[in-house]
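Accompanying notes for the structure given below.
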Amino acid sequence: MGTFKKQEGSNGFAVVEAILVLVIVAGVLGVGAYVYSKHHKAYTTANTATTTTASSQAEPLNGTTNSVQQLMQQEAQSETSADSSTDAQNMQTVTNVNSAATNVGGAYNENTL
Amino acid sequence: MKIHSNVVQHIGITSSLIASAVLIAAPVSVYALGSTTSGATTTKTSPFCTELPSKSTTITNEMSTLSGKLQTAWANQTQDLANAFQKVDQNVATDRAKADSERQTDLTKLMTKATTSAEKQAVTTYETAVLQAVNTRRTAYDNARSSYRSSVEGVASGRQTTVKGQLAVFESSVDDALINAQASCASTPSQGASIRATLVGSLKTARETFQGDRKSDSTVETQIKQYAATRNSAFDSANSVFQTSMQNAAKALQQVFGKTNV
């Protein structure tokens, strides 16, 4: 009473345990592989898309009328941007003088005389 | 005789009272006005007139300081605009040099695709047409850019002239008001209150006139925005002509090559 005694034919239980452990390990590995695969695929797709976009932005210089026109069009856009980029600065430069002129009007307060 | 004696006594008492009143009031008046002795007469000077020279100096100095800052702002404005324009010129020159180099590389590759003399001549013609289109566009851009800059500098310069005139009137009005007040104090130093009222009124009018002139300062912003819009519109027009010229040149080349993917 109170003690366990190994019975005959109980060796099979260890085998079932081992199989169970293997199934669990295989399941974990399978899920891990699946997640890794999905993740890797998404990364590769994004990377490819980025490369494609960069390629389309870069001038191919492939000796075609299209590439020549694209080059010249980019130049025109760059010039337009160069001019527009200083518009706000020019406006600020001119309007800064307005505040300096306004300040002269505050040279005195006649009511304190 | 008794009646006469009473009259004399009455006159004596009255005189004593008047004299006492004068003795009591005199120090107070002297404290309030100060005094200026001129020959045999003594004139009271009001505190306002006493302090007017130093206050005039303070106002004049402050006007001078702020006017100097305005002059500096004008000088900086001219220099800052010149710097901004120069920066654009440098960027444009860099972009054009890069585009010229890359275009030449591309055209050289295009020429290698020409196998017949007709095709080679077509590439040469195309190259000439492209160069002409590019130069036309660049000239149009340069003109629009130059016009914009001249307009901005013109409106800034014009505004400067206008404000300088307004400032001169302001400073002159303030100077006149102070000089008049000092002259009044010199002639009637006891009339401080009325001299002050006149000076305050004159200074207020001068200040409000100058400040009222500032309302028109904002017109400069509207004008500069319009100049930029005009320049950008000229850019768009030049770009449209440029694209058409480029497309026509490409079509002519493609016809000689007998395909559209040249």
Side-chain angles (χ1 to χ4, degrees), chain A residues 44-113, chain B residues 55 59 62-63 66-67 69-70 73-74 77 80-81 84 87-88 91-92 95-96 99 102-103 105-107 109-110 112-113 126 130 134 137 141 145 152 155-156 159-160 163 167 170 196 199-200 203-204 207 210-211 214 217 220-221 224 228 231-232 235 239 242-243 246 250 253-254 261-262:
Chain A
T44 306
T45 305
N47 212 21
T48 306
T50 305
T51 307
T52 306
T53 306
S55 299
S56 65
Q57 286 176 345
E59 183 50 48
L61 286 178
N62 55 7
T64 64
T65 54
N66 279 340
S67 66
V68 171
Q69 182 156 353
Q70 194 180 344
L71 261 178
M72 297 300 97
Q73 195 56 44
Q74 282 179 354
E75 180 205 358
Q77 287 171 354
S78 295
E79 282 195 38
T80 303
S81 299
D83 282 281
S84 300
S85 66
T86 57
D87 284 353
Q89 182 188 342
N90 294 340
M91 179 72 80
Q92 187 70 35
T93 297
V94 176
T95 53
N96 276 346
V97 177
N98 292 342
S99 57
T102 302
N103 289 341
V104 180
Y108 59 81
N109 178 1
E110 66 275 359
N111 293 316
T112 61
L113 287 172
Chain B
K55 288 188 174 179
I59 290 175
E62 188 62 15
M63 289 278 291
L66 293 174
S67 177
K69 287 182 178 176
L70 179 56
W74 275 324
Q77 178 189 62
D80 289 348
L81 284 177
K87 184 182 171 188
V88 171
N91 288 338
V92 167
D95 287 340
R96 287 181 178 181
E102 292 181 344
R103 184 186 67 239
T105 301
D106 221 11
L107 288 170
K109 286 184 181 176
L110 183 60
T112 61
K113 296 178 181 178
Y126 173 74
V130 167
V134 169
R137 184 200 61 75
Y141 267 53
R145 184 177 295 121
V152 170
V155 74
R159 193 68 203 149
Q160 184 175 335
V163 176
L167 180 63
F170 181 39
R196 178 185 178 279
L199 176 61
V200 167
L203 290 178
K204 184 181 179 186
R207 179 179 57 75
F210 183 74
Q211 289 177 333
R214 304 279 60 74
D217 286 347
V220 174
E221 290 184 41
I224 290 178
R231 180 204 60 203
N232 292 339
F235 283 177
N239 215 22
F242 170 72
Q243 285 186 1
M246 291 290 286
L253 181 71
Q254 288 160 3
N261 61 343
V262 179

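Here the structure is a predicted model, which is why all the values come from computation and not from measurement. The basis for the numbers below is simple: all heavy atoms, side chains too, and nothing from hydrogens, waters or symmetry mates. Sequence lines set the chain letters: A, B, ... in the order given, protein chains first and strands last, and positions in each chain run from 1.
With sequence neighbours excluded, the residues forming a salt bridge (Lys or Arg N to Asp or Glu O under 4.0 Å) with B:R96 are A:E79, B:D142, listed by chain and number.
Put simply, the side chain of B:V152 does not reach to within 4.5 Å of the side chain of A:T93, judged on heavy atoms. Side-chain contact check for A:S67 versus B:E102: every heavy-atom pair is 4.5 Å or farther apart. For the pair B:D80 and A:Q89, the minimum side-chain heavy-atom distance is 4.5 Å or more.
Scanning both residues, B:A73 and A:V97, for their nearest heavy atoms gives O-CG2, 3.7 Å. Across A:G106 and B:L66, no two heavy atoms sit closer than the pair C-CD1, 4.3 Å. Contact record, B:D95 with A:E75: O-CG, 4.2 Å, taken as the closest heavy-atom pair. Looking at every heavy atom in both residues, B:D106 comes nearest to A:G63 through OD1-N, 2.6 Å. Closest approach of B:V92 and A:A82 over heavy atoms only: CG2-CB, 4.3 Å. Here the shortest heavy-atom pairing between B:K113 and A:N62 reads NZ-O, 3.1 Å.
With a 4.5 Å cut-off on non-hydrogen atoms, B:R196 touches chain A through its side chain but not through its backbone. Looking at B:Q254, only its side chain comes within 4.5 Å of chain A, counting heavy atoms on both sides. Of the atoms belonging to B:Q77, heavy atoms from both backbone and side chain fall under 4.5 Å from chain A. If you measure heavy-atom distances from B:V163 to chain A, the contacts under 4.5 Å come from the side chain alone. Proximity to chain A is limited to the side chain of B:L253, based on heavy atoms less than 4.5 angstrom apart.
In this structure, B:N232 CG and A:D87 CG are separated by 6.5 Å, a value rounded to the nearest 0.5 Å. The distance from the CD atom of A:Q69 to the CZ atom of B:F242 is 6.5 Å, given to the nearest 0.5 Å. For the atom pair OH of B:Y141 and CG of A:D83, the computed distance is 8.5 Å after rounding to the nearest 0.5 Å.
Between chain A and the residues B:L107, B:N91, B:V134, the largest count of heavy-atom pairs under 4.5 Å involves B:V134. Taking B:K55, B:M63, B:R137 one by one and counting their heavy-atom pairs under 4.5 Å with chain A, the maximum is reached by B:R137. Heavy-atom pairs under 4.5 Å with chain A peak, among B:L167, B:V155, B:I59, B:V262, at B:V262. Per-residue counts of heavy-atom pairs under 4.5 Å with chain B were compared for A:G105, A:S85, A:A100; the largest is that of A:G105. Ranked by heavy-atom pairs under 4.5 Å with chain A, the first of B:E62, B:K69, B:Q160, B:R159 is B:E62.
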(request) In sequence, state the C-alpha distance, the side-chain angles, and the governing distance for A:Q73 and B:N239, and then conclude on side chain to side chain contact (heavy atoms under 4.5 Å, CB included). (result) CA-CA 8 Å; A:Q73 195 56 44; B:N239 215 22; 2.8 Å; yes
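At most 12 heavy atoms of other shown residues, nucleotides or ligands fall within 6.0 angstrom of atom NZ in B:K204.
Results of the side-chain contact (heavy atoms from CB on, under 4.5 Å) test with B:M246 over A:N66, A:T65, A:V68 single out A:V68 as the only residue that passes.
The side-chain hydrogen bond (donor to acceptor under 3.5 Å, both in side chains) pairs that include a residue from residues 94-113 of chain A are A:Q92-A:N96, A:E110-B:R207, where partners are two or more places apart or lie in different chains.
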